[in-house]
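In each ligand, atom 1 is the first atom listed, and ligand 1 is the first ligand listed.
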Amino acid sequence: MKVIVCRDYQEMSVKAARMIAGQIILKPDSVLGLATGSTPEGTYKELIKLYESGLIDFSEVISYNLDEYYPIKPDNDQSYKYFMDHHLFNFVNIKKENIHIPNGMMQDPATECKEYDKMVENAGGIDLQLLGIGQNGHIAFNEPDSSFYYETHLTNLTDSTIEANSRFFDSIDDVPKQAITMGLGTIMKAKKIVLLASGKNKQKAIAKLLGDKITSAVPATLLKVHPDVVIICDEAAYNG
Ligand code: PGA
């Protein structure tokens with residue numbers, strides 16, 4: 001794993017955006033694995049700037065998002081579909097048919113999750129996967145001790161994740177208790193992984209990720225066995 005420690009959130013966002021831009025320049029039809037949450041917001045802002053300056057073109061890019069709350073309607077302003085439209089997709093020339101986000105209203109999660117994995121596979125796999133990390137070490141919604149789930153699946157959110165995400169909702173009771181998430185197997189198959197972390201509250205998770213142990217208690221530690229992972233974090237996430 002390569003670790004890039006940045007001064008602050010802004011520098012982290014610029015570096016991450018440039019890395020994604022480099023991927024798109026090298027391979028215009030890249031398959032990008034995208035993440036939601038506060039952490040990648042700045043990265044998406046910087047990517048939009050690079051697009052507006054004519055440096056990158058999204059017309060052939062294909063995207064697959066990591067996860068979505070369940071159940072949630074796509075027009076709910078807390079859905080990850082809404083997040084992606086309002087933080088990236090509405091501002092770049094990605095084709096609608098190339099955007100994939102797990103459907104928060106799936107009728108038959110078992111079948112539709114399998115189809116999601118199949119689509120990723122048929123697209124040739126993910127070239128670059130962007131990841132955040134939860135304070136409890138989750139990646140996407142692969143929560144601690146949920147066993148190393150391989151494929152996309154429906155999962156229960158832990159109390160700590162519900163609490164962490166309640167900041168976006170009117171009340172904690174409004175936070176969905178479940179989510180559809182790519183599994184660790186799908187994520188581990190990405191050719192390159194870029195994990196972002198910003199702020200003191202991520203320091204413990206980053207320390208564990210950089211420590212010696214691989215454990216299902218901290219799902220992100222599985223990334224240690226991936227051949228191409230770059231962690232871009234700020235000093236607060238690195239040093240506390
Ligand atoms: P955050 O979430 O970017 O909002 O901190 C990251 C995560 O939970 O994976």
Top protein contact for atom 9 (O) of ligand 1, by heavy-atom distance = His138 NE2, 3.4 Å
Closest approach of any protein heavy atom to atom 6 (C) of ligand 1, naming residue and atom =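 That would be Ile133 O, 3.6 Å.
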key: Atoms of ligand 1, numbered as shown, that sit under 4.0 Å from any heavy atom of Thr39   =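 Counting atoms of ligand 1 from 1, those under 4.0 Å from Thr39 are 1 (P), 3 (O), 5 (O).
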note = Numbered in order shown, the ligand 1 atoms found under 4.0 Å of a heavy atom of Gly37 are 3 (O), 4 (O)
task = Could you tell me whether Tyr116 and Tyr64 have their ring centroids closer than 6.0 angstrom?
result =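 Ring centroids of Tyr116 and Tyr64 are less than 6.0 Å from each other.
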key: For Lys27 against Asp127, the heavy-atom pair lying closest together   = NZ-OD2, 2.7 Å
task = Would you name the heavy atoms of Pro40 and Gly37 that are closest together and state the gap between them?
result =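 It is CD-O, 3.2 Å.
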message = Heavy-atom pairs closer than 4.0 Å: do any link ligand 1 to the side chain of Lys202, the backbone, both, or neither?
response =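 Side chain only; the backbone of Lys202 stays clear of ligand 1.
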ask   = What residue among Phe168, Tyr80, Phe83, Tyr82 forms ring-ring contact (aromatic ring centres under 6.0 Å, His included) with Tyr69?
value =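 The passing option is Tyr80.
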request  = Return yes when Arg167 approaches ligand 1 closer than 4.0 angstrom through a heavy atom, no otherwise.
outcome  = yes
inquiry  = side chain to side chain contact (heavy atoms under 4.5 Å, CB included), that's the test. Do Asn103 and Glu68 meet it? Break it down for me.
reply    = CA-CA 7 Å; Asn103 173 9; Glu68 178 61 282; over 6 Å; no
